[in-house]
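Below you'll find the structure, written out as C-alpha coordinates, and then a few comments.
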Amino acid sequence: MKPISVLLVLCAAVIPQSVAAEDRLNVVTTIETLADLARRVGGEKVSVEPLSHGYQDPHYVEAKPSLTIGLHRADVVIRVGLDLEIGWLPILVQESRNGRIQPGQPGDIDTSTFIEVLDIPTTQVTRAMGDIHPKGNPHFWIPPVNAVRIAKGIADRFKQLRPGDRDYFEAQFAKFLSDIKAKAPQWEAQAKPLAGMKIVTYHKSWTYVSRWLKLEEVSYVEIKPGIPPSPDHLLRLVALMKAEKVSALLMEDYYNKGIAQEVASQTGAKLVPMPSDVGARPEIKTYFDLVDAMLRNLDSVPR
Ligand SMILES: [Zn+2]
(Lines give C-alpha, C1' and ligand atoms only; values in the text may rest on other atoms or scores of the structure.)
Protein backbone atom coordinates (compact mmCIF):
# COMPACT_ATOMS: atom_id res chain seq x y z
CA MET A 1 0.00 0.00 0.00
CA LYS A 2 1.37 3.40 -0.97
CA PRO A 3 1.83 5.93 1.86
CA ILE A 4 -0.98 8.15 0.57
CA SER A 5 -3.42 5.23 0.67
CA VAL A 6 -2.41 4.43 4.25
CA LEU A 7 -3.11 8.02 5.17
CA LEU A 8 -6.54 7.90 3.56
CA VAL A 9 -7.43 4.71 5.40
CA LEU A 10 -6.31 6.23 8.70
CA CYS A 11 -8.30 9.40 8.08
CA ALA A 12 -11.35 7.35 7.16
CA ALA A 13 -11.01 5.40 10.40
CA VAL A 14 -10.87 8.45 12.67
CA ILE A 15 -13.25 10.82 10.84
CA PRO A 16 -16.37 8.83 9.99
CA GLN A 17 -18.30 11.99 8.99
CA SER A 18 -15.88 12.68 6.15
CA VAL A 19 -16.47 9.18 4.81
CA ALA A 20 -20.18 9.87 4.78
CA ALA A 21 -19.48 13.16 3.00
CA GLU A 22 -17.48 11.35 0.35
CA ASP A 23 -20.38 8.96 -0.19
CA ARG A 24 -22.74 11.79 -0.95
CA LEU A 25 -23.62 12.72 -4.50
CA ASN A 26 -21.90 16.00 -5.30
CA VAL A 27 -24.56 18.15 -6.90
CA VAL A 28 -24.07 21.54 -8.53
CA THR A 29 -27.07 23.58 -9.66
CA THR A 30 -27.15 26.70 -11.80
CA ILE A 31 -29.73 28.59 -9.70
CA GLU A 32 -30.60 28.56 -6.01
CA THR A 33 -34.18 27.29 -6.38
CA LEU A 34 -32.87 24.15 -8.06
CA ALA A 35 -30.40 23.77 -5.18
CA ASP A 36 -33.26 23.89 -2.66
CA LEU A 37 -35.28 21.31 -4.62
CA ALA A 38 -32.20 19.06 -4.95
CA ARG A 39 -31.58 19.26 -1.18
CA ARG A 40 -35.21 18.39 -0.44
CA VAL A 41 -35.08 15.34 -2.69
CA GLY A 42 -31.50 14.35 -1.88
CA GLY A 43 -31.55 14.94 1.89
CA GLU A 44 -28.44 13.70 3.65
CA LYS A 45 -27.34 11.68 0.62
CA VAL A 46 -26.31 14.74 -1.37
CA SER A 47 -24.15 17.79 -1.03
CA VAL A 48 -25.48 20.70 -3.10
CA GLU A 49 -23.95 23.99 -4.25
CA PRO A 50 -25.50 26.57 -6.59
CA LEU A 51 -23.30 28.41 -9.12
CA SER A 52 -25.31 31.64 -9.01
CA HIS A 53 -27.32 33.63 -6.51
CA GLY A 54 -30.99 34.56 -6.61
CA TYR A 55 -30.19 38.27 -6.76
CA GLN A 56 -28.36 37.80 -10.07
CA ASP A 57 -29.89 37.75 -13.54
CA PRO A 58 -29.60 34.03 -14.39
CA HIS A 59 -29.12 34.85 -18.09
CA TYR A 60 -25.91 36.73 -17.33
CA VAL A 61 -23.82 35.09 -14.63
CA GLU A 62 -20.10 35.76 -14.81
CA ALA A 63 -18.29 32.55 -15.82
CA LYS A 64 -15.61 32.95 -13.16
CA PRO A 65 -12.86 30.29 -13.40
CA SER A 66 -13.36 29.57 -9.66
CA LEU A 67 -16.78 28.08 -10.52
CA THR A 68 -15.08 25.19 -12.33
CA ILE A 69 -13.69 23.85 -9.03
CA GLY A 70 -17.07 22.57 -7.81
CA LEU A 71 -17.92 21.37 -11.31
CA HIS A 72 -14.71 19.37 -11.53
CA ARG A 73 -15.76 17.10 -8.66
CA ALA A 74 -19.52 17.17 -9.35
CA ASP A 75 -21.43 13.96 -9.96
CA VAL A 76 -24.44 15.91 -11.19
CA VAL A 77 -25.18 19.33 -12.68
CA ILE A 78 -28.79 20.45 -12.51
CA ARG A 79 -29.66 23.26 -14.90
CA VAL A 80 -32.75 25.12 -16.08
CA GLY A 81 -32.10 24.58 -19.79
CA LEU A 82 -33.77 26.26 -22.79
CA ASP A 83 -30.54 28.27 -23.25
CA LEU A 84 -31.05 30.20 -19.98
CA GLU A 85 -27.46 29.48 -18.97
CA ILE A 86 -25.96 29.35 -22.48
CA GLY A 87 -23.82 32.44 -21.94
CA TRP A 88 -21.90 30.97 -19.02
CA LEU A 89 -22.52 27.30 -18.17
CA PRO A 90 -21.24 25.44 -21.29
CA ILE A 91 -17.78 27.04 -21.03
CA LEU A 92 -17.58 26.21 -17.31
CA VAL A 93 -18.68 22.58 -17.86
CA GLN A 94 -16.18 22.22 -20.68
CA GLU A 95 -13.36 23.67 -18.60
CA SER A 96 -14.24 21.44 -15.64
CA ARG A 97 -12.84 18.47 -17.64
CA ASN A 98 -15.42 16.29 -15.89
CA GLY A 99 -16.88 13.65 -18.21
CA ARG A 100 -19.74 12.82 -15.83
CA ILE A 101 -21.51 16.16 -16.33
CA GLN A 102 -21.01 16.81 -20.04
CA PRO A 103 -24.24 17.40 -22.03
CA GLY A 104 -26.28 14.23 -22.43
CA GLN A 105 -24.40 12.30 -19.73
CA PRO A 106 -26.38 10.87 -16.73
CA GLY A 107 -24.83 13.62 -14.58
CA ASP A 108 -26.39 16.36 -16.73
CA ILE A 109 -29.95 17.17 -15.64
CA ASP A 110 -31.84 19.58 -17.91
CA THR A 111 -34.97 20.35 -15.86
CA SER A 112 -36.78 21.93 -18.81
CA THR A 113 -37.35 18.37 -20.05
CA PHE A 114 -39.64 17.73 -17.05
CA ILE A 115 -42.14 20.56 -17.64
CA GLU A 116 -44.50 21.85 -20.31
CA VAL A 117 -42.57 24.62 -22.07
CA LEU A 118 -44.46 27.82 -22.90
CA ASP A 119 -43.66 30.57 -25.44
CA ILE A 120 -41.99 28.22 -27.92
CA PRO A 121 -41.35 30.46 -30.96
CA THR A 122 -43.45 29.58 -33.98
CA THR A 123 -40.90 31.11 -36.36
CA GLN A 124 -37.18 30.54 -36.24
CA VAL A 125 -35.59 32.74 -33.60
CA THR A 126 -31.86 32.94 -32.97
CA ARG A 127 -29.89 34.65 -30.26
CA ALA A 128 -28.31 36.69 -33.04
CA MET A 129 -31.70 38.40 -33.36
CA GLY A 130 -31.36 39.40 -29.73
CA ASP A 131 -34.19 37.27 -28.30
CA ILE A 132 -32.74 35.37 -25.36
CA HIS A 133 -35.65 32.88 -25.20
CA PRO A 134 -35.11 31.15 -28.57
CA LYS A 135 -36.21 27.70 -27.37
CA GLY A 136 -39.17 28.79 -25.27
CA ASN A 137 -39.56 30.53 -21.93
CA PRO A 138 -37.01 29.30 -19.38
CA HIS A 139 -38.50 31.02 -16.27
CA PHE A 140 -40.67 28.07 -15.23
CA TRP A 141 -39.66 26.94 -11.71
CA ILE A 142 -42.08 28.88 -9.50
CA PRO A 143 -45.57 27.34 -10.02
CA PRO A 144 -45.97 24.36 -7.66
CA VAL A 145 -46.97 22.01 -10.49
CA ASN A 146 -43.60 22.66 -12.11
CA ALA A 147 -41.62 22.50 -8.85
CA VAL A 148 -43.14 19.05 -8.24
CA ARG A 149 -42.28 17.88 -11.76
CA ILE A 150 -38.71 19.17 -11.39
CA ALA A 151 -38.32 17.50 -7.97
CA LYS A 152 -39.67 14.23 -9.40
CA GLY A 153 -37.26 14.40 -12.33
CA ILE A 154 -34.33 15.05 -10.01
CA ALA A 155 -35.40 12.19 -7.70
CA ASP A 156 -35.64 9.80 -10.65
CA ARG A 157 -32.11 10.70 -11.79
CA PHE A 158 -30.71 10.38 -8.27
CA LYS A 159 -32.29 6.91 -8.08
CA GLN A 160 -30.70 5.98 -11.40
CA LEU A 161 -27.27 7.20 -10.24
CA ARG A 162 -27.53 5.61 -6.78
CA PRO A 163 -29.79 2.54 -7.08
CA GLY A 164 -28.94 1.53 -3.51
CA ASP A 165 -30.69 4.67 -2.21
CA ARG A 166 -33.85 4.39 -4.33
CA ASP A 167 -36.19 4.06 -1.36
CA TYR A 168 -34.57 7.00 0.39
CA PHE A 169 -34.97 9.37 -2.60
CA GLU A 170 -38.53 8.11 -3.13
CA ALA A 171 -39.40 8.93 0.49
CA GLN A 172 -37.75 12.36 0.27
CA PHE A 173 -39.79 13.20 -2.84
CA ALA A 174 -42.97 11.99 -1.11
CA LYS A 175 -42.19 14.33 1.79
CA PHE A 176 -41.78 17.29 -0.59
CA LEU A 177 -45.06 16.43 -2.30
CA SER A 178 -46.88 16.29 1.03
CA ASP A 179 -45.31 19.64 2.08
CA ILE A 180 -46.62 21.18 -1.17
CA LYS A 181 -50.08 19.71 -0.59
CA ALA A 182 -50.10 21.10 2.96
CA LYS A 183 -49.29 24.58 1.64
CA ALA A 184 -51.65 24.50 -1.36
CA PRO A 185 -54.84 25.71 0.38
CA GLN A 186 -53.09 28.86 1.64
CA TRP A 187 -51.57 29.58 -1.79
CA GLU A 188 -54.89 28.97 -3.55
CA ALA A 189 -56.67 31.37 -1.15
CA GLN A 190 -54.03 34.04 -1.84
CA ALA A 191 -54.20 33.42 -5.59
CA LYS A 192 -57.98 33.62 -5.94
CA PRO A 193 -58.37 37.43 -5.69
CA LEU A 194 -55.45 37.93 -8.11
CA ALA A 195 -57.26 36.29 -11.05
CA GLY A 196 -57.80 38.70 -13.92
CA MET A 197 -55.34 41.31 -12.64
CA LYS A 198 -53.80 43.20 -15.56
CA ILE A 199 -50.04 43.36 -15.39
CA VAL A 200 -47.00 44.43 -17.37
CA THR A 201 -43.69 42.74 -16.63
CA TYR A 202 -40.21 44.09 -17.25
CA HIS A 203 -38.80 40.85 -18.68
CA LYS A 204 -40.93 38.00 -20.03
CA SER A 205 -40.18 35.96 -16.93
CA TRP A 206 -43.63 35.65 -15.32
CA THR A 207 -45.50 33.74 -18.03
CA TYR A 208 -45.76 30.50 -16.03
CA VAL A 209 -46.77 32.35 -12.85
CA SER A 210 -49.36 34.37 -14.80
CA ARG A 211 -50.86 31.18 -16.16
CA TRP A 212 -50.95 29.65 -12.67
CA LEU A 213 -52.52 32.74 -11.02
CA LYS A 214 -54.62 33.75 -14.06
CA LEU A 215 -52.94 37.17 -14.35
CA GLU A 216 -53.47 38.99 -17.63
CA GLU A 217 -50.12 40.00 -19.19
CA VAL A 218 -50.78 43.13 -21.25
CA SER A 219 -47.22 43.86 -22.39
CA TYR A 220 -43.52 44.00 -21.44
CA VAL A 221 -40.99 46.77 -20.81
CA GLU A 222 -38.37 44.97 -22.88
CA ILE A 223 -39.14 44.97 -26.62
CA LYS A 224 -38.18 41.28 -26.78
CA PRO A 225 -36.65 39.16 -24.03
CA GLY A 226 -33.19 40.68 -23.59
CA ILE A 227 -33.80 43.76 -25.79
CA PRO A 228 -33.97 46.98 -23.72
CA PRO A 229 -36.83 49.40 -24.42
CA SER A 230 -36.46 52.24 -26.92
CA PRO A 231 -38.09 55.64 -26.22
CA ASP A 232 -40.75 54.83 -28.87
CA HIS A 233 -41.54 51.51 -27.24
CA LEU A 234 -41.92 53.19 -23.84
CA LEU A 235 -44.29 55.81 -25.25
CA ARG A 236 -46.49 53.10 -26.78
CA LEU A 237 -46.29 51.05 -23.58
CA VAL A 238 -47.40 53.96 -21.38
CA ALA A 239 -50.37 54.66 -23.68
CA LEU A 240 -51.36 50.99 -23.71
CA MET A 241 -51.08 50.65 -19.94
CA LYS A 242 -53.30 53.70 -19.42
CA ALA A 243 -55.88 52.45 -21.93
CA GLU A 244 -55.92 48.96 -20.40
CA LYS A 245 -55.84 50.25 -16.81
CA VAL A 246 -52.91 48.02 -15.88
CA SER A 247 -52.66 47.50 -12.10
CA ALA A 248 -49.07 46.45 -11.66
CA LEU A 249 -45.62 46.49 -13.21
CA LEU A 250 -43.67 43.42 -12.09
CA MET A 251 -39.90 43.58 -12.01
CA GLU A 252 -36.96 41.62 -10.58
CA ASP A 253 -34.45 43.74 -8.64
CA TYR A 254 -31.69 43.41 -11.25
CA TYR A 255 -33.52 45.30 -14.01
CA ASN A 256 -33.51 49.07 -14.62
CA LYS A 257 -35.49 50.54 -11.75
CA GLY A 258 -35.33 54.08 -13.14
CA ILE A 259 -37.19 53.11 -16.31
CA ALA A 260 -39.73 51.02 -14.39
CA GLN A 261 -40.43 53.83 -11.90
CA GLU A 262 -40.93 56.30 -14.74
CA VAL A 263 -43.41 53.99 -16.50
CA ALA A 264 -45.24 53.26 -13.25
CA SER A 265 -45.51 56.93 -12.29
CA GLN A 266 -46.85 57.88 -15.73
CA THR A 267 -49.49 55.16 -15.74
CA GLY A 268 -50.59 54.80 -12.11
CA ALA A 269 -49.59 51.14 -12.09
CA LYS A 270 -47.89 49.92 -8.92
CA LEU A 271 -44.25 48.94 -9.33
CA VAL A 272 -44.02 45.51 -7.66
CA PRO A 273 -40.56 44.15 -6.86
CA MET A 274 -40.70 40.41 -7.53
CA PRO A 275 -38.29 37.79 -6.24
CA SER A 276 -37.86 35.11 -8.90
CA ASP A 277 -35.36 32.78 -7.21
CA VAL A 278 -34.39 31.55 -3.77
CA GLY A 279 -31.76 34.00 -2.50
CA ALA A 280 -33.31 37.02 -4.27
CA ARG A 281 -33.52 38.48 -0.75
CA PRO A 282 -31.67 37.21 2.33
CA GLU A 283 -34.93 36.08 3.96
CA ILE A 284 -35.92 33.91 0.96
CA LYS A 285 -34.09 30.73 1.88
CA THR A 286 -36.36 28.04 0.43
CA TYR A 287 -38.77 27.37 -2.43
CA PHE A 288 -41.65 27.85 0.00
CA ASP A 289 -40.26 31.24 1.13
CA LEU A 290 -40.04 32.23 -2.54
CA VAL A 291 -43.68 31.46 -3.35
CA ASP A 292 -44.84 33.08 -0.09
CA ALA A 293 -42.87 36.28 -0.81
CA MET A 294 -44.04 36.45 -4.40
CA LEU A 295 -47.72 36.05 -3.46
CA ARG A 296 -47.36 38.57 -0.62
CA ASN A 297 -46.00 41.18 -3.06
CA LEU A 298 -48.81 40.55 -5.54
CA ASP A 299 -51.40 40.75 -2.74
CA SER A 300 -50.12 44.27 -1.98
CA VAL A 301 -51.38 45.60 -5.34
CA PRO A 302 -54.49 47.80 -4.92
CA ARG A 303 -57.46 46.60 -7.00
ZN1 LIG B 1 -35.40 35.41 -19.66
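As the structure is a prediction and not an experimental result, all values here were calculated from the model. We count ligands from 1, going down the list as the structure has it; atoms in each ligand are counted the same way.
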Flag if over 12 foreign heavy atoms under 6.0 Å of NE2, His72: no

Ionic contact status for [Y] with [X], cut-off 4.0 Å:
X	Y	result
Lys204	Asp119	yes
Asp292	Arg296	no
Glu252	Lys257	no

ILVMFWY cluster membership beyond Val145 - transitive side-chain contacts under 4.5 angstrom: none

Close aromatic pair by centroid cut-off 6.0 Å: His203 and Tyr255: yes

Under-2.8 Å protein N/O/S neighbours of the Zn ion (ligand 1), ordered by chain then residue number: His59 NE2, His133 NE2, His139 NE2, His203 NE2

